[in-house]
Amino acid sequence: MAHKEKTFQFVIVGGGIAGVTCVEQLSSQIQSADVALITAGPHIKAVTNYKQVSKTLEEFDIEEQPSSVLEEKFPNLTVIHSAVKCLNTQSHAVETADGRVIGYEKLCICSGGRPKLLSDGNPYVLGIRDTDSAQALQKRLSKARRIVVVGNGGIALELVYEVEGCEVIWAVKDKAIGNTFFDAGAAQFLIPSLEADKPQSAAPCKRIRYTTEEPAAGASQTFTRGRILRGHGSGPTKPGSALGPDWHEGIVLRGAEQVSRRVTVEYQCEVEKIFTFEELLNSPQQAVKPENVGSWPVYIQLTNGKSFGCDFIVSATGVVPNTEPFLHGNSFALADDGGLRVDDHMMTSEPDVYAAGDVCTACWELSPLWQQMRLWTQARQMGWYAGRCMAACVLAEPIELDFCFELFSHITKFFNYKVVLLGKFNGQGLGPDHELLVRCTKGQEYVKAVLSGGKMVGAVLIGETDLEETFENLILNQMDLTQYGEDLLNPNIDIEDYFD
Ligand SMILES: Cc1cc2nc3c(=O)[nH]c(=O)nc-3n(C[C@H](O)[C@H](O)[C@H](O)COP(=O)(O)OP(=O)(O)OC[C@H]3O[C@@H](n4cnc5c(N)ncnc54)[C@H](O)[C@@H]3O)c2cc1C
Ligand SMILES: NC(=O)C1=CN([C@@H]2O[C@H](COP(=O)(O)OP(=O)(O)OC[C@H]3O[C@@H](n4cnc5c(N)ncnc54)[C@H](OP(=O)(O)O)[C@@H]3O)[C@@H](O)[C@H]2O)C=CC1
């Protein structure tokens, strides 16, 4: 590595939610601190309209902003738009793709993740992560008659509901849809929404997303509401920040056909093989049934014996932490999922190096009611807490693990229903002796409480149940609920009064 051009007290890598929140926290806590934010993408992501809904539930909007907004707010901040290509933890320096060597006293890696694709480099397999990949999807979809979506998590759930004008084959590994968020009961509740037409008057997006359009020389920066616009200068090798809530509201997810939504779910199957039309012709033994041959650009063979031709395949199969540029020559401890292991102070195994957001894996002794999921909320919370830990270290102040890591909580929307997940919402790690209480009104609400040893340890609330705060309290209190039995979910009893 060449000589350091400058050493900053704090260097944060990544302009997504985790990195930006970390910068904001550090810069407000130690106003004199010299902070650098190094990010590969042309823009940064900022949290706006933050609202604490209850003790642990939070809601906020995300805005994609030019970095100048952050620099104006924090005069001691320098934003460098370049990807970090290597890190030397011994000399406390990072080198960027454009050849700059920046020193740090404390470093926080917030480089996010990238889609874990079924097949790397196959032009017919798309992943969705940032604005560029969402635009690529929109463009390809506009000419598509049939697509195959593989995966059973957040992106697949959103995509199969939103896509219109194109047949969708949805291949899931499990017996029910949405395995990362729901059990089979909730899936059963949601399935009719997939079969029905999307309500015309689906609630409009209450969040406003702004995307910056690069100004022409001499022109001022413009913001465009609700559309995703390409940020110039973000080439395919420069990963942008992850999309997030309502990412699909701003783009038209419409195929080339006149049909509305038409989704076929293929359960309990994985991908056996992906091959092109040319490969099919050259090797007629491929297991494609004659009615499916046609002239599709790509074919997918599933482990359930079925094969489909389609225009392209969306691999919605999770994320891999973006760690590569930091590993070479250092000895970071990695978790099984490939994330940088962090302790209860968000510290990695390398001295003075912290990490937060999708790139890290929480490896402290977790609260029995919290688990890591790679989500906006956790990226914000980790970035904020990492900033506090870094500041506390410099100021020689003690700091304890933040309360937000006590109870897992997530608010989102699937199939146009509000969804609240609390604690061990799917009985994660509870073993066979837990009990489920379920209340379901078709088309209206699905309420599930998970009890263990008579205490509530998790919940799934779908629809406008208005139960989130009460359930959150019951989970946090760990009160013995044995005597209430099924009355806990009795709709004729105002449960809030019950526990007053
Ligand atoms: C389509 C989609 C929909 C989603 N929807 C939701 C949702 O509804 N709710 C929810 O809670 N979560 C959602 N998520 C997940 C959420 O977006 C992520 O968990 C969150 O954005 C992670 O934030 P982060 O800051 O850790 O990483 P990112 O947002 O990925 O930011 C990483 C940053 O690091 C930069 N970077 C990467 N490598 C380098 C490098 N070598 N050098 C310098 N900079 C680098 C990137 O440019 C980027 O700015 C969604 C994700 C996707 C893809
Ligand atoms: N509203 C929300 O909260 C949303 C959140 N997100 C977040 O964005 C990130 C990316 O989303 P997404 O890609 O959907 O990731 P998720 O982790 O949510 O889901 C990935 C899914 O793909 C399955 N899978 C993994 N590998 C394969 C494979 N080889 N073949 C078939 N299926 C496979 C997983 O199954 P298994 O679990 O069994 O491995 C899982 O069902 C996640 O962190 C997600 O939480 C995204 C959209 C919306």
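First listed ligand is number 1; within each ligand, the first listed atom is number 1.
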* To do: Just go through Val419, Thr377, Asp174, Asn152 and tell me whose heavy atom is the nearest to atom 23 (C) of ligand 2.
  => Asn152
* **Close N or O approach (His43, ligand 1; < 3.5 Å)** => no
* Looking at ligand 2, does any of its N/O atoms fall within less than 3.5 Å of an N/O of Glu270? -> no
* Asked: Less than 4.0 Å between a side-chain N and a carboxylate O, is that true for Lys306 and Glu266?
  -> yes
* If we only count N/O pairs under 3.5 Å, is Gly154 in contact with ligand 2? -> yes
* Asked: How does Leu118 reach ligand 2, by side chain, by backbone, by both or by neither, if only non-hydrogen atoms under 4.0 Å count?
  -> side chain
* Does ligand 1 have a heavy atom under 4.0 Å from the side chain of Val84, from its backbone, from both, or from neither? -> both
* Going by distance only, is there an N or O of Gly19 that falls short of 3.5 Å from an N or O of ligand 1? -> no
* Asked: Is the closest basic N to carboxylate O distance between Glu95 and Lys4 below 4.0 Å?
  -> no
* Pick one of side chain, backbone, both or neither for how Thr412 approaches ligand 2, counting any non-hydrogen atom pair under 4.0 Å. => side chain
* Between Lys73, Lys45, Arg388, which is the residue that forms a salt bridge (charged side-chain N to carboxylate O under 4.0 Å, His left out) with Glu24? -> Lys73
* Asked: For ligand 2, is there an atom lying under 4.0 Å from some heavy atom of Arg129?
  -> no
* Asked: Should Asn179 be counted as touching ligand 2, given the test is an N or O pair under 3.5 Å?
  -> yes
* In terms of ring plane angle, is the pair Phe414 and Phe182 parallel, tilted or perpendicular, where the classes change at 30° and 60°? -> perpendicular
* To do: Pull out every atom of ligand 2 sitting under 4.0 Å from any heavy atom of His410, numbered as shown with elements.
  => 2 (C), 3 (O)
* To do: Return yes or no for this condition: an N or O of Lys413 is under 3.5 Å from an N or O of ligand 2.
  => no
* Asked: Are any of the heavy atoms in Val271 under 4.0 Å away from ligand 2?
  -> no
* State whether Phe8 and Lys6 meet the cation-pi test: NZ (Lys) or CZ (Arg) under 6.0 Å from the six-membered ring centroid, and within 45° of the perpendicular axis. => yes
* Structure fact -> Any heavy atom of Val150 under 4.0 Å from ligand 2? The part involved is side chain
* Using a 4.0 Å heavy-atom cut-off, say whether Ala40 meets ligand 1 through its side chain, its backbone, both or neither. => both
* Structure fact -> So for Ile155 against ligand 2, with non-hydrogen atoms under 4.0 Å, the contacting part is both
* Asked: Between Ala18 and ligand 1, does any nitrogen or oxygen pair lie at a separation below 3.5 Å?
  -> yes
* Asked: Heavy-atom contacts under 4.0 Å between His410 and ligand 1: side chain, backbone, both, or neither?
  -> side chain
* **Min N/O separation Arg129 to ligand 1 under 3.5 Å** => yes
* Structure fact -> In this structure, atom 20 (C) of ligand 2 is nearest to the protein heavy atom Gly318 N, 3.4 Å
* To do: Pull out every atom of ligand 2 sitting under 4.0 Å from any heavy atom of Arg374, numbered as shown with elements.
  => 7 (C), 42 (C), 43 (O), 44 (C), 45 (O)
* Asked: For Lys116, is the nearest heavy atom under 4.0 Å from an atom of ligand 2?
  -> yes
* To do: Give a yes or no on whether a salt bridge exists between Glu468 and Lys418, defined as a side-chain N under 4.0 angstrom from a carboxylate O.
  => yes
* Relative to atom 18 (C) of ligand 1, which among Ile411, Asp130, Val419, Asp358 owns the nearest non-hydrogen atom? -> Asp358
* To do: Return yes or no for this condition: an N or O of Val359 is under 3.5 Å from an N or O of ligand 1.
  => no
* Structure fact -> If we number the atoms of ligand 2 from 1 as shown, the ones under 4.0 Å from a heavy atom of Lys173 are 31 (C), 32 (N), 35 (O), 36 (P), 38 (O), 39 (O)
* Asked: Which is closest to atom 32 (C) of ligand 1 by heavy-atom distance: Ser111, Gly14, Ala356, Ala97?
  -> Ser111
* Structure fact -> The answer for which part of Met373 has a heavy atom under 4.0 Å from ligand 2 is neither
